[in-house]
Number of protein chains: 2
Amino acid sequence: MSRQADLQKIKDGFVQTQDILLALGDENRQSILVSLLEAGCDGMRVGQLTAQTHLSRPAVSHHLKILKEAQLVSIRKDGTKHYYAVQPNESFGIMQKTAAIIERLVEENEQND
Amino acid sequence: MSRQADLQKIKDGFVQTQDILLALGDENRQSILVSLLEAGCDGMRVGQLTAQTHLSRPAVSHHLKILKEAQLVSIRKDGTKHYYAVQPNESFGIMQKTAAIIERLVEENEQND
DNA sequence: TTCCTCCGTTGAAACATTTAAACCTTTTGA
DNA sequence: TCAAAAGGTTTAAATGTTTCAACGGAGGAA
């Protein structure tokens, strides 16, 4: 792959992963995501997450909204109960590829010194 | 690898990559990084970056500081001239592995439904 | 219906980030 | 030595983010 094509892939990758980079750059949202991964496909409710983290209910709700907008979590509603779970998201794959290209490009830069 | 070990790896990965997730979650810093990758090992100066982005010089300087603190860029000084370049950073590798584990875990969750 | 539970939303306050103008430091070269 | 050039730093304003308290709405149970 040409250097120019690599750079374009990185640019595209950045655009496509910006939401999840932003969402995952926050410690509270990382904690919530780990809790949700532990819970598995059944998901967790806001009240449970409030108990596990040191956050208030509205704060948990706020962070879940951001994770939801980044399409990292999904909701399943059962009556008044809302179960949140981690959602498959192709951005994780793009993130891996983008990081790999950057890694390779930086190494190539170093060698061509 | 056990599920428990996977979760621990994700937690550790999050802690180790938080700085770069935060740094890369910003559009301006993404632009700067791409410009620096284009420039290669020679690096670029603040003035050149100011011309390429739509940012002011202090703003570029500010974002470079954040990228520097995340150990994504390095400086080489030649007189009063400061050349910034992208630096090899093992966090990219950790980011890839963490994303891969999350991907796999989410898929496993879906299947065990 | 009436009460209760579970959550989302709104509004305001606290806090953090981003930006630009003005200033300061260091180096270069006349 | 003096002026110019390069770029970092400080300050203050604007903006964005995060948080909590209070409210509201929807569903379930009696």
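Letters go in sequence order (proteins before strands), and every chain restarts at 1.
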Would you classify [X] as touching base, sugar-phosphate or nothing, given that sugar-phosphate means primed atoms plus P, OP1 and OP2, and contacts are heavy atoms under 4.0 Å?
| X | result |
| --- | --- |
| B/Y84 | sugar-phosphate |
| A/I66 | sugar-phosphate |
| B/H82 | sugar-phosphate |

Round to the nearest Å and state the distance from [X] atom [atom1] to [N] atom [atom2].
| X | N | atom1 | atom2 | value |
| --- | --- | --- | --- | --- |
| B/E27 | C/dT17 | CD | P | 19 Å |
| B/L22 | C/dT18 | CG | P | 8 Å |
| B/D26 | D/dT15 | CG | P | 17 Å |
| A/H54 | D/dT19 | NE2 | C1' | 12 Å |
| A/D78 | C/dT5 | CG | P | 18 Å |
| B/D19 | C/dT17 | CG | P | 12 Å |
| B/K68 | D/dG8 | NZ | P | 7 Å |
| B/K77 | C/dT25 | NZ | P | 15 Å |

Completion exercise
Quick note, A/T80 side chain, CB onward, closest among D/dG27, D/dG8, C/dC7 is D/dG27
Exercise for the section: Could you please name the option among D/dG7, D/dT9, D/dT19 that lies closest to any side-chain atom of B/P58? Expected result: D/dT9
Problem - Check: A/V46 and A/H82 side chains under 4.5 Å, non-hydrogen atoms - result: no
Practice task
State, with a plain yes or no, whether a side-chain heavy atom of A/S35 is found less than 4.5 Å away from one of A/M44.
Solution key: yes
Phosphate contact ([N] OP1 or OP2) by [X] side-chain N/O below 4.0 Å:
| X | N | result |
| --- | --- | --- |
| B/S61 | D/dG8 | yes |
| A/R45 | C/dC7 | yes |
| A/H63 | D/dT17 | no |
| B/S56 | C/dA20 | yes |
| B/N28 | C/dT17 | no |
| A/R29 | D/dT18 | yes |

Practice task
For the pair B/R104 and B/D6, find out whether any cationic side-chain nitrogen is under 4.0 Å from an anionic carboxylate oxygen.
Solution key: yes
Practice task
Output yes when a side-chain donor or acceptor of A/Q30 lies under 3.5 Å from a complementary backbone atom of A/L24, and no otherwise.
Solution key: yes
Exercise for the section: Could you say whether A/H62 or B/Q48 is positioned toward the 5' end of DNA chain D, judged by the nucleotide with the nearest heavy atom to each? Expected result: B/Q48
Completion exercise
Tightest non-hydrogen contact, residues A/T50 and A/R57, listed as OG1-CA, 3.5 Å
